[in-house]
Amino acid sequence: MAPSPTGPLHIGTARTSLYNYLFARHVGGTYVLRIEDTDLARSTAEFERDILDNLHWLGITWDEGPQHAGGDDIGPFGPYRQSLRMDRYAREADRLLQSGAAYHCWCTPEELDVVRKAQEASKQAPRYNGRCLNLTDADREQFATEGRRPAVRFRVPAETIRFDDLIRGEVEFDNGLLGDFVIVRADGVPLYHFVVVIDDEQMGISHVIRGEDHLSNTPKHIALIRALGYAEPVFGHIPLILNPDRSKMSKRKSQTAITAYREQGYLPEAMVNFLAFLGWSPGTEEEIFSLDELATRFEIGEVHKAGAVFDQDRLDYLNGVYIRALPDAELAARLRPFVPAAVSEETLAGVVPLVKERMVRLTDATELTGFLAEPDAVVAGWWTVADLLPKGKTADETGLALAAARDALAGADWSPEALEAAGRAAAESHGWKAGDFFRPIRIAVTGKPVSPPLFGSLVLLGREPSLGRLDGALDRLRSGAVA
RNA sequence: GCCCCCAUCGUCUAGAGGCCUAGGACGCCACCCUUUCAAGGUGGAGAUCACCGGUUCGAAUCCGGUUGGGGGCGCCA
């Protein structure tokens with residue numbers, strides 16, 4: 001797996017990492033992580049940290065590579081950061097230059113841009129025109145005195161490249177259609193297509209599993225591999241994750257950062273399960289799998305060829321499934337970062353059984369437990385007198401009912417069972433349906449028409465605060481405030 | 001423009017010639033349960049398997065073409 005720290009861990013990169021992980025674990029191989037940070041201008045330590053942290057969060061572990069951001073490498077073929085391997089790339093570039101498989105190109109970006117624009121305008125394939133292929137020494141001297149620095153271009157042999165893709169089977173390209181591409185920039189920085197091939201060889205990579213967007217880059221890599229005399233790895237190109245409009249999933253149209261999902265309260269187990277099924281299925285009707293189970297079932301050859309739309313509804317459903325499957329104590333621990341600090345450990349433990357079946361994301365706890373953390377005045381601000389009234393009931397009628405409810409509850413033991421018994425008895429003697437009777441209580445205490453189970457909520461809030469909120473509601477009702 | 005890849009319900013998918021009058025899940029709708037909302041249960045709508053040819057006794061499954069979609073063609077990765 002070779003992420004580039006030019007942005008936070010992307011959904012697509014996470015899924016590619018996952019498939020690599022599952023494949024490696026399934027076949028008992030060695031999983032290597034390499035940081036592709038040759039683009040110094042865009043790579044940051046912060047993004048590297050985000051990528052490694054979130055990979056850890058998902059439970060994806062690797063055998064070789066930097067284990068933590070800024071940490072030491074593990075493995076015999078390091079360093080595993082490309083920025084630390086520049087001398088190796090320079091040596092290989094020299095070899096190619098020596099053999100004539102590569103040549104210096106003195107064209108400036110501006111000149112290349114002009115050519116490319118012209119090609120596009122005349123509906124031609126945008127490719128290098130080979131201008132620097134047959135330069136004389138005088139030409140080169142001239143360019144040098146102009147202050148130009150040459151880039152290194154690979155002379156792509158015009159031949160048909162065939163390879164057997166793990167997922168797509170036989171694939172064939174005509175490299176005669178390709179232009180010579182740059183492998184080392186004028187400033188000496190080697191480029192992706194070049195370094196990836198060198199590292200794969202030097203790190204003993206046997207299987208390259210990556211996104212389908214690299215399928216048409218593969219013939220370039222194979223040409224380079226042959227020119228360098230390397231062993232050819234096996235390639236597997238997995239389908240892309242798509243925006244709802246079926247284009248490649250992008251930041252512009254979808255939420256792509258794993259961190260964002262993490263911060264919104266998605267569970268890593270749900271994320272992994274969801275991602276694994278975006279492009280693969282075990283061929284049965286089972287759908288809930290842990291990472292380990294996935295690793296034992298996963299077959300790279302079963303991966304689909306077509307892209308898969310990222311369906312947030314399905315992720316939400318899976319997240320709910322995983323939340324409900326968590327033991328209460330475990331859920332409480334995971335909820336801690338998402339509930340206000342004002343909510344005590346005891347209250348949190350008590351609230352878990354009440355909210356467990358009502359959550360899609362961990363962040364839902366903030367909403368569900370707000371009435372426990374906020375002061376009375378804030379909670380009172382969440383509703384109006386009109387909200388209090390059950391359908392078809394007047395303010396006066398509701399005031400009478402709420403007063404009766406308040407008295408009944410005040411006279412009961414402060415336990416869910418006793419409160420419910422008292423509440424139901426009061427509702428019956430008042431002649432109201434339980435649902436109508438409980439509505440003003442619910443709103444007065446929790447501030448909202450939708451809440452966790454009422455009597456458990458009352459117990460969690462406590463007797464005095466609960467009765468206080470009921471009294472406050474009664475006052476507002478009696479003062480005739482119409483809102 | 002050129003090259004490559006792909007194509008089963010809205011979405012994720014099962015399906016590797018007869019088991020398919022195409023199965024499951026999400027979402028949607030209805031009902032049940034129910035103190036709200038969920039969760040759960042039951043049922044339902046939803047796919048002429050992109051289209052057209054061909055092979056075959058028989059095709060969603062094999063072959064060809066068409067159409068549609070996607071990806072690539074950077075001194076980004």
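Chain letters run A, B, ... following the sequence lines, proteins first and then strands; every chain starts at 1.
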| field | Partner nucleotide of B:C76 by Watson-Crick or wobble geometry (both distances under 3.5 Å) | value | none

| said: Can you list, in residue-number order, the parts of residues 240-249 of chain A that come under 4.0 Å of RNA chain B, counting heavy atoms only? | reply: A:L240, A:R246, A:S247, A:K248

| note | In whole angstroms, the gap separating C1' of B:C75 from CG of A:N129 amounts to 15 Å

| said: Please report the distance, rounded to the nearest Å, between CD1 in A:I323 and P in B:G40. | reply: 13 Å

| To the side chain of A:A308, which of B:C75, B:C12, B:A7 is closest? | B:C12

| message | Just to verify, what does A:V208 make a side chain to side chain contact (heavy atoms under 4.5 Å, CB included) with, not counting sequence neighbours? | response | A:D200, A:I205, A:R210, A:P233, A:F235

| message | For a quick check of understanding: with a heavy-atom distance under 4.0 Å over all strands, which category does A:G279 fall into, base, sugar-phosphate or nothing? | response | sugar-phosphate

| Taking the six-membered ring of A:F371, is the NZ or CZ of A:K448 close enough (under 6.0 Å from the centre) and on axis enough (within 45°)? | no

| remark: Sequence neighbours excluded, the answer for ring pair (Phe, Tyr, Trp, His ring centres under 6.0 Å) partners of A:H237 is none

| task | Please state the C1' separation for the pair B:C5 and B:C32 - nearest whole angstrom. | result | 49 Å

| task | Taking only Lys NZ, Arg NE, NH1 and NH2, and the carboxylate oxygens of Asp or Glu, determine whether A:D199 and A:R85 approach each other closer than 4.0 Å. | result | yes

| Stepwise ring pair (Phe, Tyr, Trp, His ring centres under 6.0 Å) check, A:F154 with A:Y103 | CA-CA 7 Å; A:F154 178 59; A:Y103 58 93; 9.3 Å; no

| said: So A:Y192, base contact, sugar-phosphate only, or nothing? Heavy-atom distance under 4.0 Å. | reply: base

Distances under 3.5 Å between protein N/O atoms and the N/O atoms of nucleotides 44-50 of chain B, please, pair by pair.
none

| request: Enumerate the residues from residues 155-169 of chain A whose closest heavy atom to RNA chain B is under 4.0 Å, giving them by residue number; use none for an empty result. | output: A:R168

| request: Give a yes/no on whether any side-chain N or O of A:H193 is located under 4.0 angstrom from OP1 or OP2 of B:C76. | output: no

| message | Can you check the distance between B:A39 and B:G15, where both ends of the measurement are the C1' atom (answer in whole Å)? | response | 32 Å

| task | Find the partner of B:C26: check Watson-Crick (N1-N3 plus N6-O4 or O6-N4) and G-U wobble (N1-O2, O6-N3) distances, both under 3.5 Å, and reply none if neither fits. | result | B:G10

| query | With sugar-phosphate meaning primed atoms plus P, OP1 and OP2, does A:D213 contact a base, only sugar-phosphate, or nothing at under 4.0 Å between heavy atoms? | reply | sugar-phosphate

| task | For nucleotides 16-27 of chain B, just jot down a letter per nucleotide in 5' to 3' order: B, S or -, based on protein non-hydrogen atoms under 4.0 Å. | result | -------SSBSS

| C1' spacing across the pair B:U34 / B:G41, given as an integer number of angstrom | 13 Å

| Base, sugar-phosphate alone, or nothing: which one does A:T38 contact when heavy atoms must sit under 4.0 Å apart? | sugar-phosphate

| task | Go through the steps for A:F289 and A:F277 under the test ring pair (Phe, Tyr, Trp, His ring centres under 6.0 Å), then give the verdict. | result | CA-CA 10 Å; A:F289 287 91; A:F277 276 68; 5.8 Å; yes

| message | Please confirm whether the shortest side-chain N or O distance from A:R324 to OP1 or OP2 of B:A38 is below 4.0 Å. | response | no

| A:H214 side chain N/O closer than 4.0 Å to the phosphate oxygens (OP1, OP2) of B:G71? | no

| query | Is it true that A:R297 and A:E286 have a side-chain N and a carboxylate O under 4.0 angstrom from each other? | reply | yes

| task | Please measure how far the C1' atom in B:U61 lies from the corresponding atom in B:A7, and state the result in whole Å. | result | 14 Å

| field | Interatomic distance at P, B:G43 relative to B:C51, whole Å | value | 31 Å

| note | By side chain to side chain contact (heavy atoms under 4.5 Å, CB included), A:S429 pairs with (sequence neighbours left out) none

| said: Tell me the interatomic distance from A:F154, atom CZ, to B:C75, atom C1', rounded to whole angstroms. | reply: 17 Å

| query | Is it true that atom CG of A:D413 has more than 12 heavy atoms of other residues, nucleotides or ligands lying nearer than 6.0 Å? | reply | no

| Distance between P atoms of B:A14 and B:C33 (Å, rounded) | 38 Å

| request: Quick one: which residue pairs count as a side-chain hydrogen bond (donor to acceptor under 3.5 Å, both in side chains) with a foot in residues 434-445 of chain A, not counting sequence neighbours? | output: A:R442-A:S451

| field | Between B:A39 (P) and A:L326 (CG): distance, integer Å | value | 17 Å

| request: Could I get the full list of ring pair (Phe, Tyr, Trp, His ring centres under 6.0 Å) partners for A:F173, not counting sequence neighbours? | output: none

| task | Find the distance A:D187:CG to B:C76:P and express it as a whole number of Å. | result | 8 Å

| message | OP1 or OP2 of B:G1 versus the side-chain N and O atoms of A:K123: is any pair under 4.0 Å? | response | no

| Taking atom C1' of B:C4 as reference, at what distance in whole Å does atom CZ of A:F235 sit? | 15 Å

| said: Test of understanding: with ring pair (Phe, Tyr, Trp, His ring centres under 6.0 Å), list the residues that count as partners of A:H214, not counting sequence neighbours. | reply: A:Y192

| A:I323: which of A:V360, A:L318, A:L331 passes side-chain contact (heavy atoms from CB on, under 4.5 Å) | A:L331

| Distance between P atoms of B:G1 and B:U66 (Å, rounded) | 15 Å

| message | Suppose we screen for ring pair (Phe, Tyr, Trp, His ring centres under 6.0 Å). Which residues come up paired with A:F298, at least two apart in sequence or across chains? | response | A:Y19, A:W280

| query | Where do A:T384 and A:D387 land on the side-chain hydrogen bond (donor to acceptor under 3.5 Å, both in side chains) test, with the steps shown first? | reply | CA-CA 5 Å; A:T384 65; A:D387 293 327; 3.2 Å; yes

| task | Just do the salt bridge (Lys or Arg N to Asp or Glu O under 4.0 Å) check on A:D213 and A:K248 with the steps written out, would you? | result | CA-CA 9 Å; A:D213 44 353; A:K248 181 163 83 168; 3.5 Å; yes

| request: Round to the nearest Å and state the distance from A:Q124 atom CD to B:G1 atom P. | output: 13 Å

| message | What's the gap between B:C3 and B:U8 when it is taken at their C1' atoms, as a whole Å value? | response | 28 Å

| note | Per-nt protein contacts along nucleotides 29-37 of chain B (heavy atom under 4.0 Å; B base, S backbone sugar-phosphate only, - none) come out as ------BBB

